[in-house]
Amino acid sequence: MTQGDPLVSAWYSVRTVYLLPRSKKKLYEERITVWRATSMAEAIELAEVEARDYEGEPDVDGRATGPKYLGLAQGYAMFNESDSLSSADEIFSLVRSSTLKPQAYLDAFFDTGSERQTKSKPRSKKNKEKKVK
């Protein structure tokens with residue numbers, strides 16, 4: 001880009017993390033939002049403004065009524081040249097090094113047993129891929 005060129009916007013996704021209020025156990029939420037911005041810094045700034053809005057207003061006693069933004073915002077520059085998103089567009093990617101074997105890695109970071117998620121039906125044996133060890 002040369003001086004005087006208009007700023008070109010691109011798609012960015014930003015993952016933010018929250019502590020959910022008023023639960024007996026600590027519940028955490030991860031959200032991924034998409035932003036049209038001129039830089040990663042701008043996308044993260046926009047996401048953090050939205051994160052504060054997502055927190056909601058405190059009640060009359062000053063207690064949180066919504067999720068508490070924990071200050072973690074991870075951005076990803078999406079490689080989508082069009083103005084719209086399509087099925088199968090990659091919206092977030094994070095690479096982490098680990099000495100864990102694949103199943104232990106999944107158990108440690110993604111399937112700890114404490115997630116609140118819907119279990120999908122098992123795939124049929126005909127379409128079942130080899131199990132990751």
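Computed from heavy atoms alone, side chains included, the values below leave out hydrogens, waters and symmetry copies.
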I need the [X] [atom1] to [Y] [atom2] distance, nearest 0.5 Å.
X	Y	atom1	atom2	answer
Glu50	Thr16	CD	OG1	6.5 Å
Thr33	Arg15	OG1	CZ	12.0 Å
Thr112	Asp107	OG1	CG	8.5 Å
Glu55	Leu70	CD	CG	8.5 Å

Chi angles and distances behind the side chain to side chain contact (heavy atoms under 4.5 Å, CB included) call for Glu48, Asp53: CA-CA 9 Å; Glu48 288 189 317; Asp53 287 342; over 6 Å; no

Identify, with sequence neighbours excluded, every residue that meets side-chain hydrogen bond (donor to acceptor under 3.5 Å, both in side chains) alongside [X].
X	answer
Glu42	Thr38
Arg52	none
Glu57	none

Pairwise side-chain contact, [X] with [Y], heavy-atom cut-off 4.5 Å (strictly under):
X	Y	answer
Phe110	Tyr105	yes
Tyr76	Leu94	no
Gln74	Phe92	yes
Val17	Glu29	no

Do [X] and [Y] belong to the same hydrophobic cluster, where Ile, Leu, Val, Met, Phe, Trp and Tyr are linked whenever their side-chain heavy atoms lie under 4.5 Å apart, directly or via other members?
X	Y	answer
Val49	Val34	no
Trp11	Ile32	yes
Tyr28	Leu20	no

Please identify each residue that fulfils salt bridge (Lys or Arg N to Asp or Glu O under 4.0 Å) with Glu45, with sequence neighbours left out. none

Can you confirm whether more than 12 heavy atoms, excluding those of Arg116, are under 6.0 Å from its CZ atom? no

Ser93 and Glu90: side chain donor to acceptor below 3.5 Å: no

What is the minimum heavy-atom distance between [X] and [Y], and which atoms define it?
X	Y	answer
Asp89	Ser84	OD2-O, 4.3 Å
Ile44	Gly75	CD1-N, 4.2 Å
Gly66	Pro21	O-CG, 3.3 Å
Val14	Ala43	CG2-O, 3.9 Å

Across all chains, not counting sequence neighbours, the side chain to side chain contact (heavy atoms under 4.5 Å, CB included) partners of Asp59 are Arg22, Asp61, Arg63, Thr65

Among Ile, Leu, Val, Met, Phe, Trp and Tyr joined by side-chain contacts under 4.5 Å, find the other residues sharing a cluster with Tyr54 and list them by chain and number. Tyr18, Tyr69

Report yes or no: is the cationic atom of Arg36 (NZ for Lys, CZ for Arg) closer than 6.0 Å to the six-membered ring centre of Tyr12, at no more than 45° off its axis? no

